[in-house]
Number of protein chains: 2
Amino acid sequence: MADSNKSGFSERAPQPPLYAQVRNTLVRRLVEGVWAEGEMLPSEFELAADMGVSQGTVRKALDSLAADNLVVRRQGRGTFVAEHDEARILFQFFKLVGDSGEASFPESRVVSARSCTATAEDVKAMSLPQGTEVFRIHRVRSIGGRPVIAERIVIPAALFPGFADTEAPNNLYGLYARRYGVTVARAHERLKAVALPEGEALLLEAKVGTPALLVDRIAYGLDGSVIEWRVSHCLTDDLHYSSDLK
Amino acid sequence: MADSNKSGFSERAPQPPLYAQVRNTLVRRLVEGVWAEGEMLPSEFELAADMGVSQGTVRKALDSLAADNLVVRRQGRGTFVAEHDEARILFQFFKLVGDSGEASFPESRVVSARSCTATAEDVKAMSLPQGTEVFRIHRVRSIGGRPVIAERIVIPAALFPGFADTEAPNNLYGLYARRYGVTVARAHERLKAVALPEGEALLLEAKVGTPALLVDRIAYGLDGSVIEWRVSHCLTDDLHYSSDLK
DNA sequence: GAGTGGTCTAGACCACAGA
DNA sequence: CTGTGGTCTAGACCACTCT
């Protein structure tokens, strides 16, 4: 964050504003795991002194991190690394809610989980190098005892060493974060209406061809790398996907 | 924006921060149409002097308005009232994009448009008083000549006097804003996969029962009032609904 | 009471747009 | 050249939390 654009004559690359550089520095430290999940960051003044900028500039950087849900600020307490608890995941990444209004985290049952080589499809969807090792998980999620979501999940094995030996929990993103230091920061979903294919029909105890909501999600890490590919088929009789536009 | 919490003894209602009050004042002026769409607002210093606060406080309010797409800030030019042109609507409120990636605004054909009394369904969905007059528009939207979206739109007649005589354009929200001073600020959508009903099947030249994406949207104005209810059935063979989570 | 983030102010300088 | 928003700083005071 020291000096910068002095030079002698014309220079290109006007460089990003200070607060953006501070933000990037902080993101880098978050990625490196300098602070654990839920841990308090140094105060604004400490960070400012540390990086040789004013407290106001650090504040702007922290505000932007808070806006992206990477940290949580609590007045009178401090600034904390965001936690991937169920409540947060539910709010941030789980957009299927009951028609009556209330959201409920569905229970999960793993159908299969195995390690294998990425298919051509995986490579394309996740922008992986050919021949990458991946884990592939199939599971069924139920709400109120009724199976309504069939998920097919693919994750790069390199990011999750020994994942096969793990008992997959309900909240996968929490596991990614706590056990592997891999933080899902954002995701992109593509939705379609499709006829339920045979495999999913079996899992969901529904008829082949039933209209189902297909949710195709790519999840990205703090540094923008692809962490997970997840394709879900959902029966939306008593559910809907909730989306806010503004 | 003057004095406030002096009192003599204990008072409740800690009142919102100054910048929020400034924001509200500005929103109110926007609703009242003090500045036309696309018009430049007074400079930060003028507004600050006007309201008796510092320029930094006005800035924070304007930044928040810009974050909500209510104004557009252009360095060296000024701050302008957001325009509801096709590009903005496309980006902000139209989430259906071609599978190949490119978004394209579909052409529209109005099937019917008539004035009538709100049904029980309308009343419930839009929180209207019983017996409210509404306009009901049905239209079909096509991409590349192929009909893919059947829309059923309901708007309160009170907000749109003489709407029936109007030729409904492709970009309805632009018309709402320009002709009636009604600005759609945000919307909430509920998505489901359903079997295509008979009426929509006819309009979309598809078989009854084909899986279709049902999009149920409520659009809200600057002041939070309900402006429109729109239910769309979409054929998602070559389209998908794009959603960003973070 | 001490330490934290939240608000508000004031002023300096920069980058950009337009006359 | 002037006026605009964008960045950065510095300091004051408030509200909240915990000890």
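Source: prediction; values computed, not measured. To find a chain, count down the sequence lines: A is the first, B the second, and so on, and within it residues start at 1.
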- Query: Where along residues 66-85 of chain A does a heavy atom come under 4.0 Å from DNA chain C, residue by residue in number order?
  - Reply: A/R73, A/R74, A/Q75, A/G76, A/R77, A/G78, A/T79
- Item | Residue closer to the 5' end of DNA chain D, A/A20 versus A/Q55 (nearest nucleotide) | A/A20
- Quick one: A/L65 CG to C/dG5 C1', roughly how many Å, whole number? 15 Å
- Side-chain donor-acceptor contact under 3.5 Å, A/N170 with A/R141: yes
- Whole Å only: how far is the OH atom of B/Y19 from the P atom of D/dC14? 18 Å
- Item | Separation of atom CG in B/D63 from atom P in D/dT4, rounded to whole Å | 17 Å
- What is the distance, rounded to the nearest whole Å, between atom NZ of A/K60 and atom C1' of C/dG6? 16 Å
- Message: With a 4.0 Å cut-off on N to O distance, would you call B/D50 and B/R29 a salt bridge?
- Response: yes
- Query: Can A/H188 and B/S242 be said to form a side-chain hydrogen bond (donor to acceptor under 3.5 Å, both in side chains), step by step?
  - Reply: CA-CA 7 Å; A/H188 181 251; B/S242 177; 2.7 Å; yes
- Message: Could you work out, with salt bridge (Lys or Arg N to Asp or Glu O under 4.0 Å) as the rule, every residue matching A/K246, not counting sequence neighbours?
- Response: B/D68
- Could you state the CG-P distance from A/L62 to C/dT4, rounded to the nearest angstrom? 13 Å
- Which residues share a side-chain hydrogen bond (donor to acceptor under 3.5 Å, both in side chains) with B/R230, sequence neighbours left out: B/E151, B/E228
- Lys NZ or Arg CZ of B/K95 over B/Y241 ring: under 6.0 Å, within 45°: no
- Note on the structure: Across all chains, not counting sequence neighbours, the side-chain hydrogen bond (donor to acceptor under 3.5 Å, both in side chains) partners of A/D99 are A/H240, B/K192
- Query: Among all residues two or more places apart in sequence or in another chain, which pass the side-chain hydrogen bond (donor to acceptor under 3.5 Å, both in side chains) test with A/T236?
  - Reply: none
- Task: For DNA chain C, determine which residues of residues 30-49 of chain B have any heavy atom closer than 4.0 angstrom to one of its atoms, and list them numerically.
- Result: none
